[in-house]
Amino acid sequence: MRFLKQLRFKLIELLLKIKSLGNKPQKTEEEEPVFFIMGSGRNGSTLLARLLNNHSDVFLPPEQFALPFTIADWQFSRFKSWTSFYQKQLKRYLKNNQSWKLEEKDFKKIESELRALDKEERGPGSIFKQVFERYAKKFGGPAKLYGDHSPLSTEYYKYIYHEFPDGKYIFLLRHPYDVVLSYSKMKEHKASDPEYAAWKWNNSIKAYDYLKKKNCNVLLVKYRDLVSKPEEVTEKIQDFLDIDPQDVINTLPPNPEDDPLGAGTHVHHQRLYKAVDASSVGKWKEELNPEIIEQIEETVEENAARFHFNLHA
């Protein structure tokens with residue numbers, strides 16, 4: 001079964017590549033109202049999402065685990081009923097998410113919007129935007145920009161690019177050993193395995209390189225910079241997103257239970273609701289088992305050197 005899934009996704013990547021050769025994504029004059037925060041996971045993406053949610057023109061909901069699979073399904077559904085396609089995908093968004101608060105009645109409203117779309121407007125991107133817009137209206141008010149910070153989007157970066165060539169991409173890069181250490185504390189997560197966590201870190205850099213090669217709008221941000229000089233870095237990010245600068249740092253953190261980002265119920269996100277500081281930078285020096293460092297050093301050392309991460313305490 002796992003082999004068949006991998007084969008299917010390889011086939012989809014091939015289809016996307018063939019389509020891009022025959023019909024390269026064209027830049028449009030209209031601004032894409034979508035941006036993605038990408039990276040390895042455990043890299044500060046949820047922290048940045050929380051900070052950007054303090055901006056009046058931005059909204060990010062909790063993580064979703066539907067978009068890449070919606071894009072995949074679309075490659076085999078062009079000649080099927082639009083109604084049956086979007087109904088199936090909306091069920092994905094309803095079920096596959098991290099603590100979303102949208103209800104079935106909200107999805108009924110989204111259905112009515114999708115039903116009215118002209119043929120050339122239909123696709124996984126339009127479903128994604130309608131879902132995020134509805135979430136924003138319900139919990140954060142109308143926004144000019146909708147952001148996604150789901151690590152799954154980084155894993156399927158080729159799918160995301162194919163659907164959003166005009167989107168903006170913020171890559172958050174953290175020291176690989178701090179990423180591995182942070183994942184090691186999430187015992188039920190696959191990336192608690194150091195080798196898998198190291199793979200995720202390298203794969204996020206592959207995504208960064210790929211989007212840079214495609215001349216996408218990409219901004220690289222290092223985690224240590226975000227937490228050590230947050231005002232400067234968030235101002236730079238707001239400029240990249242082309243939104244009016246606002247103080248997103250010194251706004252009081254929301255009550256975890258009321259946070260539209262949905263992170264307040266997760267133990268590993270409790271630091272999000274404290275003042276931003278750099279205390280988590282370099283923790284690997286004291287806490288990461290030397291045997292684990294030896295196990296993954298060769299895997300990450302090339303990219304660590306590229307981005308000036310010192311692998312020796």
Side-chain angles (χ1 to χ4, degrees), residues 8-9 12-13 15-20 22-36 57-97 100-150 152-153 156-169 214 216-217 241-243 260:
R8 181 173 186 263
F9 287 117
I12 291 165
E13 284 190 3
L15 287 173
L16 295 177
K17 185 174 182 179
I18 292 171
K19 288 176 183 178
S20 67
N23 184 24
K24 291 186 178 181
Q26 298 296 314
K27 298 292 181 183
T28 61
E29 294 183 4
E30 186 176 346
E31 283 286 322
E32 177 67 79
V34 173
F35 69 94
F36 295 88
D57 291 336
V58 175
F59 183 79
L60 297 97
E63 294 175 14
Q64 53 76 30
F65 314 120
L67 178 60
F69 308 111
T70 297
I71 296 171
D73 276 1
W74 182 244
Q75 309 314 311
F76 300 102
S77 304
R78 298 301 180 93
F79 304 105
K80 294 183 179 180
S81 159
W82 168 239
T83 301
S84 63
F85 177 76
Y86 70 65
Q87 286 178 340
K88 176 183 177 181
Q89 305 312 320
L90 289 179
K91 288 179 182 177
R92 268 207 169 105
Y93 280 100
L94 178 61
K95 295 179 180 179
N96 301 336
N97 60 72
W100 275 27
K101 295 180 180 179
L102 286 182
E103 301 170 335
E104 287 196 29
K105 62 182 180 181
D106 299 305
F107 282 88
K108 292 296 182 183
K109 294 178 181 178
I110 298 170
E111 277 195 46
S112 67
E113 296 290 341
L114 293 173
R115 192 180 304 118
L117 290 180
D118 294 332
K119 188 172 183 179
E120 62 272 13
E121 298 175 304
R122 299 171 182 173
S126 59
I127 297 173
F128 176 82
K129 292 173 196 174
Q130 288 292 340
V131 170
F132 274 46
E133 183 177 335
R134 171 56 53 185
Y135 209 116
K137 286 179 178 177
K138 184 166 183 178
F139 294 103
K144 294 180 181 178
L145 278 177
Y146 303 101
D148 175 70
H149 68 293
S150 311
L152 192 67
S153 296
Y156 292 95
Y157 58 89
K158 293 181 181 179
Y159 293 17
I160 305 301
Y161 163 73
H162 180 81
E163 193 62 31
F164 299 98
D166 295 328
K168 292 186 176 182
Y169 299 87
K214 295 293 185 181
C216 292
N217 293 317
L241 294 175
D242 196 23
I243 51 179

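What's counted below: heavy atoms across the whole structure, side chains too, no hydrogens, waters or symmetry copies.
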When the aromatic ring centroids of [X] and [Y] are compared, is their separation below 6.0 Å?
X      : Y      : result
Phe128 : Phe164 : yes
Phe69  : Tyr156 : yes
Tyr169 : Phe36  : yes

Query raised in the report: Side chains of Leu145 and Ile243: closer than 4.5 Å at any heavy-atom pair?
Result: yes
Query raised in the report: Hey, does Tyr161 have a side-chain heavy atom less than 4.5 Å from the side chain of Leu16?
Result: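 Of all side-chain heavy-atom pairs linking Tyr161 with Leu16, none is under 4.5 Å.
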Report task. Check step by step if salt bridge (charged side-chain N to carboxylate O under 4.0 Å, His left out) holds for Lys138 and Glu103. Result -> CA-CA 11 Å; Lys138 184 166 183 178; Glu103 301 170 335; 3.7 Å; yes
Any donor-acceptor pair under 3.5 Å linking the side chain of [X] with the backbone of [Y]?
X      : Y      : answer
Ser150 : Ser153 : no
Asp106 : Leu102 : no
Gln130 : Ile110 : no
Gln87  : Ser84  : no

Query raised in the report: Excluding sequence neighbours, so at least two apart, what forms salt bridge (charged side-chain N to carboxylate O under 4.0 Å, His left out) with Lys119?
Result: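 Lys119 satisfies salt bridge (charged side-chain N to carboxylate O under 4.0 Å, His left out) with no other residue.
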Requested in this report: Would you give the length of the straight line joining atom CZ of Phe65 to atom CH2 of Trp100, rounded to the nearest 0.5 angstrom?
Outcome: 10.0 Å
Requested in this report: Evaluate whether atom NZ of Lys109 has more than 12 neighbouring non-hydrogen atoms of other residues, nucleotides or ligands under 6.0 angstrom away.
Outcome: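 Count not over threshold, so no.
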Query raised in the report: So with a 6.0 Å cut-off around CD of Glu104, is the heavy-atom count from everything else above 12?
Result: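 Atom CD in Glu104 is not packed in, count stays at 12 or less.
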Query - From CA spacing to verdict: side chain to side chain contact (heavy atoms under 4.5 Å, CB included), Tyr146, Val58 - result: CA-CA 6 Å; Tyr146 303 101; Val58 175; over 6 Å; no
**Report entry** Step-by-step side chain to side chain donor-acceptor pair (under 3.5 Å) determination, Asn96 to Gln64
**Finding:** CA-CA 6 Å; Asn96 301 336; Gln64 53 76 30; over 6 Å; no
Requested in this report: For Phe139, enumerate each residue passing the ring pair (Phe, Tyr, Trp, His ring centres under 6.0 Å) test, keeping only those at least two apart in sequence or located in another chain.
Outcome: Tyr135
Query - Criterion salt bridge (charged side-chain N to carboxylate O under 4.0 Å, His left out) on Glu133 and Lys137, from CA distance to verdict - result: CA-CA 6 Å; Glu133 183 177 335; Lys137 286 179 178 177; 3.2 Å; yes
Report task. Could you tell me whether Lys129 and Glu32 have a side-chain N and a carboxylate O separated by less than 4.0 Å? Result -> yes
Query raised in the report: Between Arg92 and Asp73, is there a salt bridge with N-O shorter than 4.0 Å?
Result: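 A salt bridge is present here (some side-chain N lies under 4.0 Å from a carboxylate O).
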Requested in this report: List the steps, then state whether side chain to side chain donor-acceptor pair (under 3.5 Å) holds for Thr70 with Gln89.
Outcome: CA-CA 6 Å; Thr70 297; Gln89 305 312 320; 3.0 Å; yes
